[in-house]
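Working notes, beginning with the structure itself.
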Amino acid sequence: MMEWETVIGLEVHVQLATRSKIFSGASTAFGAEPNTQACAVDLGMPGALPVLNEAAVAMAVQFGLAIDAEIPEVSIFDRKNYFYPDLPKGYQTSQMYHPIVGRGEIEISLDDGSTKRVRVHHAHLEEDAGKSLHEDFQGMTGIDLNRAGTPLLEIVSEPDMRSAKEAAAYLKAIHAIVTYLGISDGNMAEGSMRCDVNVSVRPKGQAEFGTRAEIKNVNSFRFVERAIAFEVERQIELIEDGGKVVQETRLFDPELDETRSMRTKEEANDYRYFPCPDLLPVVLDQAYVDHLRSALPELPSEKRARFQDELGLSAYDAGVLSSSREMAEYFDIVKDTCGDAKQAANWVQGELAGALNRENLDIEQSPVSAQQLGELVARVLDDTINGKAAKQVFQGLWNGEGKTADEIIKAKGLKQVTDTGAIESMIDQVIADSPVQVAQYRDAEPDKRGKMIGYFVGQVMKASRGTANPQQVNQLLKEKLDALC
Amino acid sequence: MSLEHADVKRAAHLARIALGDDEAAHYAADLGRILEMADQLQAVDTEGVAPLAHPLDATQRLRADEVTEGNQRERFQRCAPAVENGLYLVPRVVE
């Protein structure tokens with residue numbers, strides 16, 4: 001059986017969080033009525049001229065600085081010519097030959113806690129197109145140009161990724177960087193981050209790349225993994241059956257969980273790029289770049305290092321908790337509220353992450369706020385409740401049964417019983433009710449008794465409805481049972 | 001460099017210009033003369049000369065990120081052949 005290696009490169013389009021468009025003063029706000037945010041420049045009206053948005057330039061440069069990329073002094077806009085109704089000018093203004101951001105590197109963290117560097121070939125500025133709506137217009141297509149002219153930063157990686165997991169980790173790393181920088185809202189559902197995936201396979205050990213397919217329309221972390229998994233399997237089966245992969249554009253269909261060929265155009269694309277005569281070369285002086293560099297916030301990799309060094313978290317915990325700005329902010333509040341970084345990390349990644357996963361929610365959609373979780377963890381730390389009860393309180397908060405942990409602890413009577421007398425009387429009852437087990441305990445070798453005590457602990461905890469302090473129960477049980485031997 | 005009939009037809013297709021066969025022959029000759037002139041320019045030694053991105057020796061001015069354009073949909077759509085629910089309607093695009 002031949003062993004195959006997957007080779008993946010990503011082109012990620014990030015919508016920049018400017019107020020106005022890249023070349024016009026029309027608003028970029030999401031969700032407006034169709035064509036109410038499309039001005040003469042966006043519509044390609046004769047004589048309308050583009051003027052470049054300073055914020056789009058600054059955001060692109062900030063990204064470049066964050067990935068340690070070269071920032072060339074001069075960058076140039078080109079026209080990419082093609083006809084489509086949602087592109088009224090007949091060309092997309094982009095940067096083909098002299099992009100604003102040169103070669104850089106992005107560190108990705110993998111599930112096993114290791115890291116890998118993925119090279120970025122370049123990143124360039126360009127404008128988005130409008131939207132075509134194909135349904136319900138008596139055989140016509142409806143065009144909304146609100147999105148036309150929205151600034152995009154296209155980040156092009158080298159083919160450095162070797163698995164779907166690595167590709168997803170790379171996408172997450174970009175998401176973290178752009179949201180930390182605040183240059184994009186990173187909202188994949190609204191299309192603020194979209195991704196084209198180049199995938200090929202080759203026999204392990206072969207130096208040259210196989211023929212690649214480009215998958216378009218991949219707009220979530222999960223879809224990236226699924227689309228690649230499907231495509232890799234398709235290509236390997238094709239080759240093993242004696243076929244050949246053709247270079248083509250494919251579309252990922254999340255409903256059917258497959259990629260399929262887009263109708264092949266009769267003619268290969270010929271975009272006839274040339275420098276845009278309406279825009280002059282963009283020249284960035286060193287002082288401007290230095291100013292942007294000095295204003296960079298703490299980046300994910302720096303935050304990860306700080307979580308490890310200052311808070312004593314493991315590499316894995318620090319990686320997960322710094323993976324997005326939302327996650328880091330949530331964790332920070334839990335930590336500050338309960339006062340224990342390790343416990344905060346355990347709860348955010350354990351109970352909370354599990355619940356979010358089960359319901360497919362992102363952390364910013366969590367029904368339990370960071371403040372609520374912090375207060376809950378504080379009640380575990382001060383011994384008001386035990387670990388078992390804490391899970392019930394968490395569930396209560398998740399289901400909205402109370403506003404605070406204290407409210408739920410009170411309502412459900414989960415306060416931990418630490419009163420020795422109360423625990424002792426429960427133990428006496430259990431011992432009285434379990435003559436057979438007590439006899440077995442007595443007859444057992446002393447070194448086997450440790451295990452046998454579990455049964456009694458379980459019975460006492462049950463009798464207390466989970467509220468007895470487990471350490472006390474253990475201690476007192478052992479004393480009482482051993483006294484019987 | 002001379003232009004073949006097929007080259008002219010392809011260029012016309014890319015530019016979405018409808019050209020008859022007679023016209024294509026005519027443009028093949030016309031465009032051919034332009035290419036001859038380009039050929040003359042090709043003879044110049046440009047070794048070590050950076051390609052020119054723009055004839056003006058100036059750099060791009062930037063504008064502040066402010067919304068300065070309001071909604072003028074009604075005005076813009078007055079010259080559109082067909083609109084519905086605020087959308088421009090165009091002949092169906094087959095995906």
**Message:** With a 4.5 angstrom heavy-atom cut-off, is it the side chain or the backbone of A/Ile76 that approaches chain B, or both, or neither?
**Reply:** side chain
**Request:** Pick one of side chain, backbone, both or neither for A/Ala58, based on which atoms fall under 4.5 Å of a heavy atom in chain B.
**Result:** neither
**Complete:** Counting heavy-atom pairs under 4.5 angstrom with chain B, the leader among A/Thr18, A/Val282, A/Val41 is A/Thr18
**Item:** Euclidean distance, A/Met140 CE relative to B/Leu87 CG, rounded to 0.5 Å
**Value:** 11.5 Å
**Prompt:** Quick one: of A/Gly139, A/Ala55, A/Ala38, who has the most non-hydrogen atom pairs under 4.5 Å with chain B?
**Reply:** A/Gly139
**Asked** Is the number of heavy atoms from other residues, nucleotides or ligands within 6.0 Å of CZ (B/Arg16) greater than 12?
**Response** yes
**Asked** Should A/Lys21 and B/Glu69 count as side-chain neighbours, where that means a heavy-atom distance under 4.5 Å?
**Response** no
**Request:** Kindly indicate whether the side chain of B/Asn71, heavy atoms from C-beta on, has any atom under 4.5 Å from the side chain of A/Glu33.
**Result:** no
**Prompt:** When rounded to the nearest 0.5 angstrom, what is the spacing between CG in A/Leu52 and CZ in B/Arg63?
**Reply:** 8.0 Å
**Request:** From the options A/Ile143, A/Asp86, A/Thr141, A/Asp144, select the one residue that forms a side chain to side chain contact (heavy atoms under 4.5 Å, CB included) with B/Tyr88.
**Result:** A/Ile143
**Residue A/Pro85 versus chain B: region with a heavy atom under 4.5 Å** = side chain
**Interface moiety of A/Val51 toward chain B, non-hydrogen atoms closer than 4.5 Å** = both
**Prompt:** Checking A/Leu251 against chain B: side chain, backbone, both or neither under 4.5 Å from a heavy atom?
**Reply:** neither
**Prompt:** Relative to chain B, which of A/Ala32, A/Ser132, A/Ala40, A/Gly90 shows the most heavy atom pairs under 4.5 Å?
**Reply:** A/Ala40
**Asked** What part of B/Glu74 is in contact with chain A, defined as an atom under 4.5 angstrom from a non-hydrogen atom: side chain, backbone, both or neither?
**Response** neither
**Item:** Atom pair CG/CG of B/Asn85 and A/Asn35 - distance to nearest 0.5 Å
**Value:** 11.0 Å
**Prompt:** Would you find more than 12 non-hydrogen atoms of other residues, nucleotides or ligands less than 6.0 Å from A/His291 atom NE2?
**Reply:** no
**Prompt:** Measuring heavy-atom distances to chain B, does A/Thr28 have an atom under 4.5 Å in its side chain, in its backbone, in both, or in neither?
**Reply:** neither
**Message:** Given heavy-atom pairs under 4.5 angstrom as the criterion, report whether the side chain, backbone, both or neither of A/Phe77 touches chain B.
**Reply:** neither
**Message:** For a quick test of reading the model, state the closest non-hydrogen atom pair linking A/Met45 to B/Cys79 and the distance between them.
**Reply:** CE-SG, 4.3 Å
**Prompt:** Rounded to the nearest 0.5 Å, what separation is found between the CZ atom of B/Arg73 and the CG atom of A/Asn146?
**Reply:** 8.5 Å
**Request:** Let me know if A/Leu43 has heavy atoms under 4.5 Å from chain B in its side chain, its backbone, both or neither.
**Result:** side chain
**Complete:** Ranking A/Arg272, A/Gln138, A/Lys131 by heavy-atom pairs under 4.5 Å to chain B gives rank one to A/Arg272
**Inter-residue atom distance A/Leu279.CG - B/Gln60.CD, 0.5 Å rounding** = 5.0 Å
**Prompt:** Does the side chain of B/Pro51 reach to within under 4.5 Å of the side chain of A/His98, using non-hydrogen atoms?
**Reply:** no
**Item:** Atom OH of B/Tyr27 with >12 non-hydrogen neighbours under 6.0 angstrom
**Value:** no
**Prompt:** In terms of heavy-atom pairs under 4.5 Å, which option from B/Val83, B/Asp65, B/Val90, B/Leu62 contacts chain A the most?
**Reply:** B/Asp65
**Asked** Any idea which heavy atoms bring B/Ala58 and A/Pro281 closest together, and the distance?
**Response** O-CD, 3.8 Å
**Request:** Look at atom CG of A/Asp285 and say whether more than 12 heavy atoms of other residues, nucleotides or ligands are closer to it than 6.0 Å.
**Result:** yes
**Request:** Return the option, out of A/Asn81, A/Val57, A/Leu280, A/Val283, with the maximum number of heavy-atom pairs under 4.5 Å with chain B.
**Result:** A/Leu280
